[in-house]
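Let me begin by presenting the structure, written as structure tokens, before commenting on it.
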Protein chains: 2
Amino acid sequence: MTTIRDVAKHAGVSVTTASYALNDTGTIGEATRKRVLDAAAELNYHPNAFARNLKKRKTHTIGVFIARFAGSFYEEILEGIHRVILDTDYELLVCPESRSTRRMLLHRQVDGAIVFDSKIADESVLNLASYHFPIVVLDRDLQNDFILPILLDNAQGVRQAFEHLYQQGLRRMSFITGAMDSFDNAERMQTFLNEAGKHNLRVPVYEGSFTEISGYEAAQVILRAAELPDAVFCANDQMAIGFLRAMHERGLHAPDDIAVVGFDDIPLSRYTQPQVSTIGTSRIEWGATAARQLIDFLEKETSFQPQRIPTRFLQRESSTLRDRS
Amino acid sequence: MTTIRDVAKHAGVSVTTASYALNDTGTIGEATRKRVLDAAAELNYHPNAFARNLKKRKTHTIGVFIARFAGSFYEEILEGIHRVILDTDYELLVCPESRSTRRMLLHRQVDGAIVFDSKIADESVLNLASYHFPIVVLDRDLQNDFILPILLDNAQGVRQAFEHLYQQGLRRMSFITGAMDSFDNAERMQTFLNEAGKHNLRVPVYEGSFTEISGYEAAQVILRAAELPDAVFCANDQMAIGFLRAMHERGLHAPDDIAVVGFDDIPLSRYTQPQVSTIGTSRIEWGATAARQLIDFLEKETSFQPQRIPTRFLQRESSTLRDRS
DNA sequence: ACATCAAGGTGAAACGTTTCACTTTCGCCT
DNA sequence: AGGCGAAAGTGAAACGTTTCACCTTGATGT
């Protein structure tokens with residue numbers, strides 16, 4: 001490991017001078033600077049990030065903490081964050097769930113964080129967030145001066161979807177939930193049940209977990225019943241797709257037998273047979289908004305501006321009854 | 001920022017003792033240890049990762065360097081890497097392309113790296129890799145004691161695909177390339193042209209860039225020609241899907257008018273109309289293999305074992321001629 | 001001829017840990 | 001009673017930077 005000391009020696013200057021030359025700070029003569037740079041190149045020198053960051057208290061890096069990579073879901077959010085980062089001179093670090101809780105350590109390796117991992121306790125977030133370590137959360141409604149929630153406006157889309165189903169005369173609706181510790185799931189469910197309540201509809205609830213297979217399994221229960229629902233709202237698209245698969249296997253057809261609606265507008269939802277009606281949002285915009293707010297806080301020290309990302313119902317085949325006349 | 005010094009003072013012990021207690025090393029009495037832990041909790045102490053890592057020369061973290069997140073492609077590789085990491089007590093950091101070349105610094109924040117970003121020059125990789133910083137590359141054929149390429153066996157799948165097309169009597173084949181700086185693209189193209197050469201077929205080559213739109217655009221050129229090809233091989237699925245879209249818009253139908261083959265077996269390829277014939281591999285296994293090799297090198301210091309990830313042709317609708325009798 | 005100043009450069013402290021080498025205490029064995 | 005060793009604890013150096021405060025030199029203005 002070559003250090004700045006080696007570079008200095010090789011260039012025949014002091015460590016201080018070498019540091020100034022390498023960072024283009026201080027007042028160093030052109031000739032000397034060049035000598036240092038050459039020495040650094042020759043020795044294949046790379047500064048030690050730890051030593052550097054220990055001294056300067058900033059890393060110019062933001063960290064994103066997610067649960068996992070699979071699921072087509074994070075991808076666009078990350079892409080949105082990344083696009084914003086590319087326009088700044090910050091670095092981006094994405095850190096998935098890891099075994100050791102030592103992950104906490106990692107927190108200090110970045111100037112600010114974006115959290116989207118329900119396994120991280122609210123308490124941890126509260127403990128860590130501070131003026132020097134602002135946190136944007138995408139998966140919980142937690143807020144103070146240093147914690148900013150950027151959430152989907154789940155209610156908006158769900159209301160539109162309910163309206164759409166109701167308008168078509170559907171009255172026997174069921175709801176398949178996602179993971180119960182998910183904020184989005186909770187809000188989707190609550191809104192849907194609320195809307196139904198306004199019309200005095202009782203909506204049976206089945207528990208899923210946001211995976212395709214859990215939608216399929218919920219379908220096994222639902223489709224075995226004596227009386228089938230005429231509409232099923234799934235808390236995300238993957239479960240809707242699982243549900244459709246189960247229907248298909250039993251010779252049932254959406255929307256004629258049961259209208260199906262999902263949530264998220266994942267790419268696949270447009271390509272299934274039938275195409276899945278769903279509730280969409282721009283996840284790229286979501287990630288970008290989060291990143292922008294965080295960077296702004298870090299840079300210009302503006303304060304956090306809570307906001308909701310709009311969602312809207314996308315009417316597709318799986319829920320659109322043919323003209324019955 | 002509370003430091004270990006504060007904790008020590010608060011617990012009435014020396015800094016050394018506090019450190020030992022917090023790390024569960026050294027010989028510290030039960031009572032003292034508890035006192036320190038309590039103090040740390042009370043002060044909401046989190047060790048400074050930089051100071052720590054500066055001293056210990058290991059971070060117990062591996063870094064993955066990719067170009068971007070979008071594309072459904074990295075997702076599974078990352079998932080594979082992540083799964084392996086979860087079984088160890090390493091941490092995982094994923095770092096996409098960023099503006100400043102300062103990213104080099106980041107390199108030193110991890111014990112080893114997995115590189116999948118053709119924007120990173122071979123030279124950089126060569127410069128950085130060392131006994132203390134092993135690198136696994138997924139996108140180039142670079143190799144020495146500290147650099148391990150884990151590559152797709154592109155040739156295998158491409159040969160099978162060519163064979164499939166040829167067997168069906170197709171002779172007027174075209175090739176649409178991906179990004180020209182991509183190793184995989186080069187290998188796919190070379191193999192395809194090679195195979196064609198063996199049968200004295202001349203294959204026109206059109207340049208794309210791995211995106212759906214570039215496949216669509218290449219199609220505009222190809223489909224405008226007087227004589228259409230009877231088969232088109234696209235260097236990845238997204239371009240194949242773009243190509244199919246263009247065909248659809250012109251009322252052409254695969255495979256009857258033109259047989260189409262992609263590469264990668266992205267989830268979508270199974271859901272399009274018609275389903276896309278493609279060449280698949282387990283990207284999860286790919287990522288997992290890379291991670292495993294890297295961790296093994298880091299841990300048990302086994303040396304690197306070069307290997308290729310197998311690929312195989314998946315025959316689907318877009319290239320399978322109906323019985324013509 | 002002398003003070004002043006800018007330009008170019010340097011020594012050493014500091015960042016927050018870990019860890020080596022050392023000290024003290026005390027119970028136990030012979 | 002003396003010696004020994006384990007257990008519990010500590011002081012200080014070290015990791016590789018950055019940066020503050022300072023020094024030297026030579027040119028400039030008066």
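Order of the sequence lines fixes the chain letters, A, B, ..., with proteins taken first and strands second; residue numbering starts at 1 for each chain. Values reported hereafter were calculated over all heavy atoms of this structure, with side chains retained and with hydrogens, waters and symmetry mates removed.
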Spacing of CG belonging to A:N185 relative to CZ belonging to A:F210, to within rounding of 0.5 Å
4.5 Å
Pick the closest DNA chain D nucleotide for A:M1 and for B:G29 by heavy atoms, then say which residue is nearer the 5' end.
B:G29
DNA chain D: B:G12 or A:Y45, which has the more 5' nearest nucleotide?
B:G12
Within the pair [X] and [N], is there a side-chain N or O less than 4.0 Å away from OP1 or OP2?
{"X": "B:T3", "N": "C:dG16", "value": "no"}
{"X": "B:T27", "N": "D:dA6", "value": "no"}
{"X": "A:Y20", "N": "D:dT17", "value": "no"}

For the side chain of [X], counting heavy atoms from C-beta on, which of [options] is nearest?
{"X": "B:K56", "options": "C:dT17, D:dA8, C:dT19", "value": "C:dT19"}
{"X": "B:S19", "options": "C:dT18, D:dT17, C:dT17", "value": "C:dT18"}
{"X": "B:S14", "options": "D:dG16, D:dG11, C:dT18", "value": "D:dG11"}
{"X": "A:T17", "options": "C:dT10, D:dC15, D:dT18", "value": "C:dT10"}
{"X": "A:V13", "options": "C:dT19, C:dT10, C:dG16", "value": "C:dT10"}

[X] bridged to [Y] by N-O distance under 4.0 Å:
{"X": "A:E30", "Y": "A:R35", "answer": "no"}
{"X": "A:D181", "Y": "A:K119", "answer": "no"}
{"X": "B:R292", "Y": "B:D296", "answer": "no"}

Distance check needed: [N] [atom2] versus [X] [atom1], whole Å only.
{"X": "A:N23", "N": "D:dT18", "atom1": "CG", "atom2": "P", "result": "4 Å"}
{"X": "B:H46", "N": "C:dT17", "atom1": "NE2", "atom2": "P", "result": "12 Å"}
{"X": "B:N48", "N": "C:dT18", "atom1": "CG", "atom2": "C1'", "result": "13 Å"}
{"X": "A:K55", "N": "C:dG16", "atom1": "NZ", "atom2": "P", "result": "9 Å"}
{"X": "A:Q109", "N": "C:dC15", "atom1": "CD", "atom2": "P", "result": "20 Å"}
{"X": "B:R108", "N": "D:dT17", "atom1": "CZ", "atom2": "P", "result": "8 Å"}
{"X": "B:N53", "N": "C:dT19", "atom1": "CG", "atom2": "P", "result": "11 Å"}
{"X": "B:I4", "N": "D:dG11", "atom1": "CD1", "atom2": "P", "result": "14 Å"}

Within the 4.0 Å heavy-atom criterion, would you say [X] contacts the bases, only the backbone, or no part of the nucleic acid?
{"X": "B:T25", "answer": "nothing"}
{"X": "B:I28", "answer": "sugar-phosphate"}
{"X": "B:R57", "answer": "sugar-phosphate"}

For B:F304, which of B:N144, B:I147, B:V136 qualifies under side-chain contact (heavy atoms from CB on, under 4.5 Å)?
B:V136
Does A:T16 contact C:dA12 through a side-chain donor or acceptor facing the base, at a distance under 3.5 Å?
yes
Give the minimum heavy-atom separation between B:R308 and B:F183, together with the two atoms involved.
NH2-CZ, 4.1 Å
